[in-house]
Amino acid sequence: GIHQVHVQSIPGISGVCFRGSQQSARVDNLVVRGFGPATGLSLGGDTYTVRDLFVDATKGGDQSATIVGATGIKFDERVYSLGLNNITTHNCETGLEWADAHQVRVTNFETELTSKPIVSTYNAIGVSFRNCSFRHTEEIIDIQRIRWPHDYGVEISGMMSDHGVGRVRV
């Protein structure tokens with residue numbers, strides 16, 4: 001697993017790619033910064049946890065702004081039974097993106113200056129978000145495609161921190 005690591009990339013170069021399997025794998029206390037228009041953290045595999053994660057498309061000292069083409073967290077392939085807790089994405093066009101997610105639970109998710117906090121591009125079964133805080137954005141989720149409409153399921157609870165309306169795109 002990954003434990004207490006700080007990665008600073010350069011613009012256009014993705015930060016960290018992690019594929020884990022079962023409870024022996026985990027990501028804990030990871031900071032990924034400065035990747036610019038690329039992906040901060042790519043995840044794959046099944047049945048592990050990610051906690052205390054901070055992903056920022058810019059690096060310390062740079063001006064805060066949404067970086068077009070930056071994705072904070074991306075599930076590269078089908079993922080099963082992931083638990084993500086206390087995660088933050090800053091200055092990204094997309095906060096968390098997946099194609100095929102099954103039984104994923106995200107708690108304490110904060111986005112700031114992230115245009116699209118959540119993007120689903122193919123399918124979701126049993127995906128839940130609890131205690132979310134979406135800051136400096138007008139959107140919550142962008143559902144681009146639903147493969148199996150009768151099985152598709154995403155639950156979201158939280159707040160728009162800037163008193164915005166919060167759009168859901170389907």
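- For Asp62, the salt bridge (Lys or Arg N to Asp or Glu O under 4.0 Å) test picks out Lys59, with sequence neighbours left out.
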Evaluation steps, side chain to side chain contact (heavy atoms under 4.5 Å, CB included), between His90 and Arg33:
CA-CA 9 Å; His90 278 199; Arg33 303 185 82 149; over 6 Å; no

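- The side-chain heavy atoms of Arg51 and Arg26, taken from C-beta on, include a pair separated by under 4.5 Å.
- With hydrogens and angles disregarded, no donor-acceptor distance shorter than 3.5 Å links the side chain of Ser9 to the backbone of Gly34.
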Full working for side chain to side chain contact (heavy atoms under 4.5 Å, CB included) between Thr66 and Thr114
CA-CA 6 Å; Thr66 301; Thr114 299; over 6 Å; no

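- The side-chain heavy atoms of Val104 and Val79, taken from C-beta on, include a pair separated by under 4.5 Å.
- In this structure, Leu53 CG and Leu43 CG are separated by 8.0 Å, a value rounded to the nearest 0.5 Å.
- Using a 4.5 Å heavy-atom threshold, the side chains of Asp56 and Val32 count as separate.
- Nearest heavy-atom pair, Pro37 versus Gly12, reported as atom, atom and distance to 0.1 Å: CD-N, 3.6 Å.
- Here the shortest heavy-atom pairing between Ser21 and Tyr48 reads N-CD2, 4.3 Å.
- Between the side chains of Thr58 and Asn91, at least one donor N or O sits under 3.5 Å from an acceptor N or O.
- Residue pairs meeting the side-chain hydrogen bond (donor to acceptor under 3.5 Å, both in side chains) criterion with at least one member in residues 152-161, sequence neighbours excluded: Ser120-Tyr152, Arg130-Glu155, Ser133-Ser161.
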Taking it one step at a time, do Gln23 and Thr47 satisfy side chain to side chain contact (heavy atoms under 4.5 Å, CB included)?
CA-CA 6 Å; Gln23 291 76 7; Thr47 322; 3.1 Å; yes

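- Val7 and Ile10 fall into different hydrophobic clusters, where Ile, Leu, Val, Met, Phe, Trp and Tyr are joined by side-chain heavy atoms under 4.5 Å apart, directly or via other members.
- Atom OG of Ser115 and atom CG of Asp142 lie 11.0 Å apart (nearest 0.5 Å).
- Of the candidates Phe75, Tyr80, Trp148, Tyr80 is the only one forming a ring-ring contact (aromatic ring centres under 6.0 Å, His included) with His102.
- Taking each heavy atom of Gly36 and Ala70 in turn, the nearest pair found is O-CB, 3.1 Å.
- Nearest heavy atom pair, residue Arg135 against residue Asp162, reads C-OD2, 3.4 Å.
- His3 and Asn29 share no side-chain donor-acceptor pair at under 3.5 Å.
- In this model, a donor atom of one side chain and an acceptor atom of the other lie less than 3.5 Å apart for Thr107 and Asn85.
- Expressed to the nearest 0.5 Å, how far CE of Met160 lies from NE2 of His136 amounts to 11.0 Å.
- Across all non-hydrogen atoms, the minimal contact from Ala57 to Ile67 is CB-CG1, 3.8 Å.
- Ile13 and Phe35 sit in two unconnected hydrophobic clusters of ILVMFWY residues. Membership requires side-chain heavy atoms under 4.5 Å apart, directly or through other members.
- Cluster membership check: Phe54 does not share its hydrophobic cluster with Leu30, using side-chain heavy-atom separations under 4.5 Å among Ile, Leu, Val, Met, Phe, Trp and Tyr.
- Under the 4.0 Å criterion applied to side-chain N and carboxylate O atoms, Arg169 and Glu139 are assigned as salt-bridge partners.
- The aromatic rings of Phe109 and Phe134 sit perpendicular, their planes meeting at an angle over 60°, well past the 30° parallel limit.
- Looking only at distances, a side-chain donor or acceptor of Thr121 sits under 3.5 Å from a matching main-chain atom of Trp98.
- No single ILVMFWY cluster, assembled from side-chain heavy atoms under 4.5 Å apart, contains both Met159 and Ile141.
- The local environment of CD in Glu138 is sparse, with at most 12 non-hydrogen atoms from other residues, nucleotides or ligands closer than 6.0 Å.
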Please step through side chain to side chain contact (heavy atoms under 4.5 Å, CB included) for the pair Phe129 and Val127, ending with a clear verdict.
CA-CA 7 Å; Phe129 291 84; Val127 176; 3.7 Å; yes

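- For the residue pair Arg147 / Tyr122, a side-chain donor-acceptor distance below 3.5 Å is found, with atom types taken as modelled.
- In this structure, CD1 in Ile87 is found 6.0 Å from CG in Leu96, a value given to the nearest 0.5 Å.
- Thr49 places none of its side-chain heavy atoms less than 4.5 Å from the side chain of Val27.
- In this view, Asp100 and Arg78 satisfy the salt bridge (Lys or Arg N to Asp or Glu O under 4.0 Å) rule, not counting sequence neighbours.
- Side-chain contact of Asp46 with Gln22: a donor-acceptor pair under 3.5 Å is present, judged by distance alone.
- How far SG of Cys17 is from NZ of Lys74: 11.0 Å, rounded to the nearest 0.5 Å.
- Looking only at side-chain heavy atoms (C-beta outward), Ile156 and Ile140 come within less than 4.5 Å of each other.
- The shortest heavy-atom contact between Thr71 and Cys92 is C-SG, 4.3 Å.
- To the nearest 0.5 Å, atom OG of residue Ser42 and atom CG of residue Asp76 are 4.0 Å apart.
- Looking at Asp52, Asn131, Asn86 one by one, the single match for side chain to side chain donor-acceptor pair (under 3.5 Å) with Asn108 turns out to be Asn131.
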